[in-house]
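Everything numeric here is computed off the predicted structure, so don't read it as measured data.
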Amino acid sequence: MVCGGFTCLKNALCSLNVVYMLVGLLLIGVAVWGKGFGLVSSIHIIGGVIAVGVFLLLIAIVGLVGAIHHHQVMLFFYMVILFIVFLFQFGVSCSCLAMNRGQQVVLLNSAWGMLNNKTKINLEDQLDCCGLLNVSNNHSQFDEDVRNCHAPCKAEGSCLSCGDKMLNHATEVLKILGGVGLFFSFSEILGVWLAVRYRNQKDPRANPSAFL
C-alpha cells in the first residue's frame, strides 16, 4: 500500500468521515445537555445547533458509505456539498477574524434583537448584567431590558451592561471561533481532495475491463 493508492485514500476518507460523525454527535449531545441542564432555553438556539449536528452527521454518513463501496454518485454529491460548506465556513471564519469593534456592536444588536425575553433574562442572570448597550438610538429597549432584569447585581444597585461585558471578550472569542472554523474549513477541503482522488481510482479488486 502506497500513499495515494486506492486503499490508502479509502482509509483516509473513511477516517475523516468518522471524525465528522463524532463532531456531529458531539454537537447534538452538547445541545441536548445544555437544554437538559437549563443552560440554554431558546428553542431556536437548540434547534440550530442540533440541525448543524444532524447535517454534519448525514454528510459524514454519505461520505463514509460512498468511500466503503466506492460509490461514484454518493462520492460526487459528497464532494459538491462539502465544497459548498467549505466556501461558506471559510467566508464566515475570515469575517470573524477581520471584524472590528463597530461591526461587533452591530452583530450584538442584531443577535440580541432576535432573542425572546426569557432567553435575555437567562443570559443576564448568567453574566450578572442588565441590558445590552445603553446607546442613544436604543434607550427604550435598554430601559425595558433593565426593568425585566433579575440579575444578582441589580439588588446591589450596580450593574454593567451585557454588551460591555461581551465586547470586553468579543475580540478574543471571535479569534478563537475564526481560527477553529478556519481549521475545520481546511479539513473539509482535504475531504474534497481525498474524495476527488479516490473517486478517480479504479478498485483493484473489480473487473479490470469495468469502467471507473
Measuring from atom CZ of R199 to atom CE of M74, what distance do you get when rounded to the nearest 0.5 angstrom? 12.5 Å
side-chain contact (heavy atoms from CB on, under 4.5 Å) filter on V18, not counting sequence neighbours, yields L22, L64
Where do C129 and C162 land on the disulfide (SG to SG under 2.5 Å) test, with the steps shown first? CA-CA 5 Å; C129 57; C162 295; 2.0 Å; yes
Assess whether side-chain contact (heavy atoms from CB on, under 4.5 Å) is satisfied between N148 and K120, documenting all intermediate values. CA-CA 9 Å; N148 295 331; K120 289 179 181 177; over 6 Å; no
Determine yes or no for a side-chain-to-main-chain donor-acceptor pair under 3.5 angstrom, with H70 supplying the side chain and Y198 the backbone. yes
L26: partners by side-chain contact (heavy atoms from CB on, under 4.5 Å), with sequence neighbours left out: V30
Residues clustering with V92 (ILVMFWY side chains joined when closer than 4.5 Å, directly or via others): F88
Would you mind reporting whether V196 and M79 have side-chain heavy atoms less than 4.5 Å apart? yes
Apply ring-ring contact (aromatic ring centres under 6.0 Å, His included) to Y20 and list each qualifying residue two or more places apart in sequence or on a separate chain. none
M21 and A60 have their tightest heavy-atom pair at CG-CB, 3.3 Å
V62 versus L58: any side-chain heavy-atom pair under 4.5 Å? no
Holding to side-chain contact (heavy atoms from CB on, under 4.5 Å), I want the full list of residues that pass it with I59, two or more places apart in sequence or in another chain. F55, Y78, I81, L82
Nearest-0.5 Å distance that lies between atom CG in L75 and atom CG in N200: 10.0 Å
With rounding to the nearest 0.5 Å, note down the distance linking CG in L57 to CG in N17. 10.5 Å
Set of side-chain contact (heavy atoms from CB on, under 4.5 Å) partners for S185, sequence neighbours left out: F86, Q89, F90, L182, E188
Contacts of type disulfide (SG to SG under 2.5 Å), residue C14, not counting sequence neighbours: none
Listed once per pair and sorted, the side chain to side chain donor-acceptor pair (under 3.5 Å) pairs that draw on residues 59-68, sequence neighbours left out: none
Return the set of residues passing disulfide (SG to SG under 2.5 Å) with C153 (not counting sequence neighbours), or none when no residue passes. C159
